[in-house]
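Scroll down for the structure; my scribbles are underneath it.
Each chain gets a letter, A, B and so on, in the order the sequences are listed, and its residues count up from 1.
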Protein chains: 2
Amino acid sequence: MARTAYHHGDLQQQVHDQALAVVREHGDSAISLRALAKQIGVSAPALYRHFADRESLLAELAISGFEALRQRLLQVKHTPPRQALIGIGLAYVRFAQDEPNLYRLMFGGQVLPRGVHPRLDDAGKAAFQVLEDTVERARHSGYLKPMPLALMTATAWSLVHGLSQLTIDGHLPNADAEPHLAEGITSLLLEGAIADTNRATDNNEDSP
Amino acid sequence: MARTAYHHGDLQQQVHDQALAVVREHGDSAISLRALAKQIGVSAPALYRHFADRESLLAELAISGFEALRQRLLQVKHTPPRQALIGIGLAYVRFAQDEPNLYRLMFGGQVLPRGVHPRLDDAGKAAFQVLEDTVERARHSGYLKPMPLALMTATAWSLVHGLSQLTIDGHLPNADAEPHLAEGITSLLLEGAIADTNRATDNNEDSP
DNA sequence: TGCCAATGTTAACACCGTTAACTTATAGCG
DNA sequence: CGCTATAAGTTAACGGTGTTAACATTGGCA
């Protein structure tokens with residue numbers, strides 16, 4: 001029932017893929033169910049067999065986005081705390097820069113308020129979890145000050161999210177002239193978060 | 001020609017105000033030119049005498065938002081660097097929390113890409129300028145490390161913007177349980193930014 | 001006073017999301 | 001193997017949208 005081809009093969013997947021391509025190229029405001037259906041060669045109401053409404057489709061795409069983000073973050077090595085933290089921050093920002101339209105859909109807020117679509121919320125939390133785990137490891141290893149975990153992760157997330165959003169929307173004019181901005185920012189934050197025992201011992205360890 | 005009342009008084013202002021109210025209450029996606037015109041008691045095409053299209057109206061509203069944000073930031077006192085920095089960060093986040101829908105319009109990115117509407121860009125820069133001036137004062141006074149100004153302001157803006165966006169979209173679950181989150185986050189960043197000479201001398205000066 | 005330009009009007013076009021009512025093809029079962 | 005329930009598609013239609021064209025009206029000014 002779910003695997004074999006009905007009239008058109010699995011429309012659900014086809015719509016999902018096509019819509020994802022449109023979002024990545026032109027943003028979520030360019031998504032039109034009718035246009036999507038016409039492109040695929042199916043009538044518009046057919047889509048309603050697979051998606052409750054336009055918002056649900058967008059939510060599904062946002063879920064894909066969070067899963068892709070999570071995969072990116074998971075690829076960051078666990079090696080020394082400082083590299084791991086900077087690495088995951090860079091990976092996060094780079095994802096946003098690579099997929100600005102998708103990222104905007106994920107965090108647009110206007111699209112879907114939290115609590116409406118549980119699977120979307122879970123996908124977001126799962127991505128955030130990777131970041132939190134990295135911070136927790138660094139903290140547990142004694143590299144970071146023994147501050148509340150929630151405070152540290154919230155700080156880290158705020159920083160990378162804010163930087164992502166500001167850069168992809170062009171609010172930071174000299175972002176191109178300063179390619180190491182993300183790294184500098186992350187380092188700057190770390191200065192305040194590392195334990196005093198680690199101070200001055202690892203500032204230049206990434207450039208041997 | 002611009003001041004006296006024509007057929008309906010100054011429609012421009014009336015549309016602007018009404019639209020701003022709608023955005024603040026229901027978000028920019030709830031803006032409908034036809035509905036707006038009907039509410040005001042005028043035909044829909046009449047609006048096109050004052051706004052090129054829907055996007056231009058939204059841009060105008062975003063400009064108002066940036067000006068309101070700027071006013072908020074300007075009210076922060078200049079007194080000691082640490083208080084000024086934390087104060088302006090809190091004021092920024094509080095604005096976003098007070099006007100979530102307006103804030104989303106301003107930074108939605110989907111609404112208007114930079115470069116299209118010069119006045120909108122200028123309004124954004126003007127608001128950002130207040131933040132930059134505060135950082136510059138703190139840096140010039142020797143309170144902060146002598147790092148590049150662009151780096152410091154980008155960091156500060158990223159942090160407060162990220163925190164704003166994440167909280168108003170409900171991504172930080174325990175935001176309510178932690179009302180001092182914004183202050184804690186700002187302090188954490190400051191730890192990494194203050195000059196060593198100022199370290200440990202001002203951590204508790206705000207609670208005498 | 002008479003004209004021009006600013007400001008409004010109605011009618012219409014081409015979309016859009018969504019629902020209702022109907023048709024078709026498939027999967028599973030007696 | 002044939003039948004039927006149902007999943008998956010169809011067309012027609014409703015109400016809404018932004019936007020443009022063509023026309024009407026009003027007010028300020030020469």
Side-chain angles (χ1 to χ4, degrees), chain A residues 1-23 25-62 101 105 108 110-113 116-117, chain B residues 1-23 25-62 101 105 108 110-113 116-117:
Chain A
M1 57 166 189
R3 195 126 292 272
T4 68
Y6 267 77
H7 305 173
H8 271 89
D10 48 357
L11 224 187
Q12 166 125 17
Q13 186 67 37
Q14 209 167 336
V15 171
H16 183 283
D17 294 352
Q18 186 77 28
L20 190 57
V22 171
V23 164
E25 250 192 286
H26 304 99
D28 60 82
S29 69
I31 287 283
S32 151
L33 297 191
R34 297 181 98 121
L36 227 40
K38 181 172 289 184
Q39 277 183 11
I40 296 176
V42 86
S43 75
L47 306 196
Y48 286 81
R49 298 290 171 187
H50 305 281
F51 303 95
D53 50 19
R54 202 187 102 112
E55 279 220 326
S56 295
L57 170 58
L58 291 181
E60 223 62 47
L61 301 181
N101 287 322
L105 169 63
Q110 196 61 34
V111 180
L112 251 284
V116 173
H117 201 304
Chain B
M1 59 168 189
R3 194 124 294 271
T4 68
Y6 268 77
H7 306 172
H8 271 90
D10 48 357
L11 224 186
Q12 167 125 17
Q13 187 67 35
Q14 209 168 336
V15 171
H16 182 283
D17 293 352
Q18 185 76 30
L20 189 57
V22 171
V23 164
E25 249 192 287
H26 304 98
D28 60 82
S29 69
I31 288 283
S32 152
L33 297 190
R34 298 181 96 120
L36 226 41
K38 182 173 288 184
Q39 276 182 12
I40 296 177
V42 86
S43 75
L47 306 196
Y48 286 82
R49 299 290 174 189
H50 305 281
F51 303 95
D53 49 20
R54 203 187 101 113
E55 279 219 326
S56 296
L57 169 58
L58 291 181
E60 223 62 47
L61 301 181
N101 287 323
L105 170 64
Q110 197 60 36
V111 180
L112 250 284
V116 172
H117 201 305

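Between B/L36 atom CG and D/dG18 atom C1' the separation is 13 Å, expressed in whole Å. Atoms CG (A/D10) and P (D/dA7) sit 17 Å apart, rounded to a whole Å. If you measure from atom NZ of B/K38 to atom C1' of D/dG18, you get 15 Å, rounded to the nearest angstrom.
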Can you list the steps and then say if B/L105 with B/L61 is a side-chain contact (heavy atoms from CB on, under 4.5 Å)? CA-CA 8 Å; B/L105 170 64; B/L61 301 181; 3.7 Å; yes
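Note that CZ of B/R34 is 13.5 Å distant from CZ of B/R54, once rounded to the nearest 0.5 Å. One distance of note links CG of A/L57 with NE2 of A/H50; it measures 12.0 Å at 0.5 Å rounding.
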In B/S/- notation (B base, S sugar-phosphate only, - none; protein heavy atoms under 4.0 Å), nucleotides 16-21 of chain C written 5' to 3' is BBBB--
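At a cut-off of 3.5 Å, with distance as the only test, a side-chain donor of A/D17 or A/Q13 sits close to an acceptor on the other residue.
Legend: residues meeting side chain to side chain contact (heavy atoms under 4.5 Å, CB included) with A/H117, ordered by chain and number and at least two apart, are A/A59, A/E60, A/I63, A/L112, A/R119, A/L120.
Regarding contacts with the backbone of C/dA6, every side-chain N or O of B/H50 stays at 4.0 angstrom or more from both OP1 and OP2.
Here the closest non-hydrogen pair linking B/Y48 and B/D53 is CE2-CA, 4.1 Å.
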